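To keep things clear, I will list the structure first and then write my remarks on it.
Per chain, numbering begins at 1; letters A, B, ... match sequence-line order. The structure displayed is predicted, hence computed values, not measured ones.
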Amino acid sequence: MCLAVPGRVLHIEEGPLLTATVSFGGVTKDVSLVLVPEATVGDYVIVHVGFAISKLDEQAAQRSLEAFAALSELGEPEESAP
Amino acid sequence: MKYVTEFRDSKAARALSEAIRRTVRRPWTVMEVCGGQTHAIVRFGLDALFPPDLTLVHGPGCPVCVTPVGLIDQAIHLASLPGVVFCSFGDMLRVPGSARDLFAAKAAGGDVRVVYSPLDALALAQAHPDRQVICFAVGFETTAPAFAAAVVQARRLGVKNFSLLVAHVLVPPAIGAILNAPGNRVQGFLAAGHVCTVMGCEEYDELVRRHRVPIVVTGFEPLDILEGVLLLVRQLEAGRAEVENQYARSVRRQGNPEAQAILREVFEPAPRAWRGIGEIPQSGLRLRHAYAEFDAVERFRGDVALVGEGGVEDAECRSGLVLQGLLKPPDCPAFGNRCTPERPLGAPMVSSEGACAAYFRYRRRTDSLQEVRHGE
């Protein structure tokens with residue numbers, strides 16, 4: 001039920017529901033930005049039941065991925081059995 | 001898909017699981033609250049990566065599963081009325097009521113439609129002004145703002161034939177109930193990242209203060225869950241109890257103010273029975289008086305009263321124990337034989353977030369790290 005997926009805002013239509021075209025890996029859907037009015041074209045938003053519920057913080061995502069990469073490098077030498 | 005695939009990398013998953021192994025020195029029992037996380041854990045075999053001293057139990061975070069059977073009966077009755085279009089998310093249709101499910105109501109001639117968004121139901125109401133369109137409003141704090149926005153939009157557009165059968169539930173009161181239950185063995189929680197995306201972290205500060213348990217707000221991809229568990233066991237081993245945010249790319253401390261505002265504008269907290277668990281004070285939402293005209297229970301008062309709030313559970317279904325983390329689905333005697341997704345005894349076997357459905361779907365094949373990489 002709480003499934004929500006990141007997608008990229010391609011186009012925004014003005015109107016009470018701030019309907020945007022959002023691309024999910026190439027598949028596009030209409031999404032309301034009424035709960036995330038600060039989102040602009042090019043932003044990634046996290047979408048749940050037709051509504052964006054947050055603007056994805058790309059810097060925070062990058063920090064997480066860098067931390068994972070660093071941990072993988074650290075873990076490498078002692079890695080033996082899967 | 002960007003921001004999904006990167007969080008499924010097998011090398012990083014192995015490194016995180018190694019870090020968890022190195023951290024855990026004593027036995028711990030932790031709970032993932034959200035059914036979406038349960039599915040990811042079982043699907044990617046993440047629990048197989050944990051050391052034997054770390055026990056992960058699945059929580060009640062499946063709104064479809066905890067919707068009381070009496071409310072399902074009301075839904076089935078309303079869906080069967082002439083002139084009604086009854087809209088629901090798909091996985092509600094096979095959830096057993098006392099005698100039958102919404103699929104059976106549809107098969108018997110009821111106009112039951114599966115919708116992806118509350119806005120789809122509103123569009124149906126606009127397209128069919130001669131019909132009454134009722135939408136089953138199921139979901140946690142993540143979903144409630146979407147239904148609230150649909151109600152606000154319906155009022156703005158003057159749509160009079162649209163109403164909600166409200167079954168919304170709230171997460172923090174359920175965590176409180178688990179912690180207060182006699183015999184509770186949960187020592188830390190992974191909190192649901194999308195609920196906190198909407199609500200923020202403050203309600204969890206209160207739980208941590210009151211119960212001295214660590215809570216890590218966690219995302220839904222394999223690396224998110226593994227990192228959430230790592231942060232949790234680090235707190236447990238260090239004797240700390242804090243709210244930590246693993247899912248910073250979506251969750252801000254204060255949550256989403258627009259979503260909270262519209263939720264509070266339209267809904268208010270109410271007592272709510274949880275299927276298999278019982279009533280938890282102030283753990284549900286109902287429409288505020290100012291929006292009573294959109295309440296299907298008000299609009300169809302006579303019909304709803306006919307059905308009542310009772311409802312009969314299947315005597316053999318142990319979903320209450322599963323939802324409280326007291327029983328793993330495969331340990332239920334009915335699992336996979338008398339209870340399957342085609343013929344479910346209870347909701348967790350059919351909901352897309354139900355723990356029983358997760359084990360039925362994924363636990364019959366060998367789990368491997370390979371799947372973390374190549375899972376769809």
Side-chain angles (χ1 to χ4, degrees), chain A residues 1-8 15-19 22-27 29-39 43-82, chain B residues 1-4 6-7 9 11-16 18-19 34-36 61-64 89 91 115-120 138-140 142-143 145-147 149 152-153 156-157 192-195 197-198 219-220 223-224 227 246-252 256 258-259 262 351-353 368-369:
Chain A
M1 187 68 51
C2 290
L3 179 73
V5 189
R8 189 159 176 269
L17 285 175
L18 285 175
T19 306
V22 175
S23 166
F24 301 92
V27 180
K29 255 182 142 26
D30 282 351
V31 168
S32 170
L33 299 183
V34 74
L35 304 177
V36 190
E38 70 275 21
D43 285 341
Y44 277 83
V45 288
I46 294 185
V47 177
H48 173 67
V49 299
F51 288 81
I53 55 170
S54 72
K55 188 173 126 175
L56 190 139
D57 181 339
E58 297 191 59
Q59 287 183 349
Q62 211 45 50
R63 280 195 297 274
S64 289
L65 292 171
E66 280 162 18
F68 296 149
L71 195 64
S72 301
E73 294 311 313
L74 272 181
E76 202 76 340
E78 53 186 292
E79 203 172 55
S80 49
Chain B
M1 216 160 67
K2 195 158 158 72
Y3 297 118
V4 174
E6 307 94 302
F7 289 88
D9 179 70
K11 195 172 158 199
R14 209 174 290 129
L16 282 164
E18 261 314 305
C34 173
C62 164
V64 169
F89 296 137
D91 51 355
V115 292
Y116 157 74
S117 166
L119 294 177
D120 299 342
V138 179
F140 283 118
T142 317
T143 319
F147 279 98
V152 167
Q153 178 70 355
R156 187 183 288 133
L157 297 171
H194 291 142
V195 168
T197 293
V198 169
F220 298 82
L223 297 191
D224 291 321
E227 188 184 30
Q246 180 280 328
Y247 196 36
R249 65 186 185 276
S250 180
V251 177
R252 328 277 178 258
N256 177 331
E258 277 82 12
I262 201 161
S351 167
S352 57
E353 289 178 316
S368 71
L369 269 173

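By the side chain to side chain contact (heavy atoms under 4.5 Å, CB included) test, Ala149(B) pairs with Val34(A), Phe51(A), Ile262(B), sequence neighbours left out. Every residue two or more places apart in sequence or in another chain that forms a ring pair (Phe, Tyr, Trp, His ring centres under 6.0 Å) with Tyr44(A) is listed here: Tyr3(B).
At a 4.5 Å heavy-atom cutoff, Val152(B) makes no contact with chain A through either its backbone or its side chain. Proximity to chain B involves both the backbone and the side chain of Leu56(A), based on heavy atoms less than 4.5 angstrom apart. Proximity to chain B is absent for every atom of Gln59(A), based on heavy atoms less than 4.5 angstrom apart. Using a 4.5 Å cut-off between heavy atoms, Phe147(B) makes no contact with chain A at all. For chain B, no part of Val27(A) is nearby; none of its heavy atoms comes within less than 4.5 Å. With a threshold of 4.5 angstrom between heavy atoms, Glu6(B) approaches chain A through its backbone and through its side chain.
Interface check for chain A: of the options Ala248(B), Ala146(B), Ala12(B), the most heavy-atom pairs under 4.5 Å are formed by Ala146(B). Between chain B and the options Ser32(A), Ala69(A), Pro37(A), Gly7(A), heavy-atom pairs under 4.5 Å are most frequent for Pro37(A). Your options are Leu35(A), Asp30(A), Val5(A), and the one with the most heavy-atom pairs under 4.5 Å with chain B is Leu35(A).
We find the CG-OG1 distance between Leu33(A) and Thr19(A) to be 8.0 Å, quoted to the nearest 0.5 Å. For the atom pair CZ of Phe220(B) and OH of Tyr247(B), the computed distance is 6.0 Å after rounding to the nearest 0.5 Å.
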Using the rule given for side chain to side chain contact (heavy atoms under 4.5 Å, CB included), can you reason through Val64(B) versus Phe89(B), listing the C-alpha separation, both sets of side-chain angles and the distance that settles it, and then say yes or no? CA-CA 9 Å; Val64(B) 169; Phe89(B) 296 137; over 6 Å; no

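A heavy-atom distance below 4.5 Å is found between the side chains of Arg252(B) and Asp57(A).
No side-chain donor-acceptor contact under 3.5 Å links Ser250(B) and His194(B).
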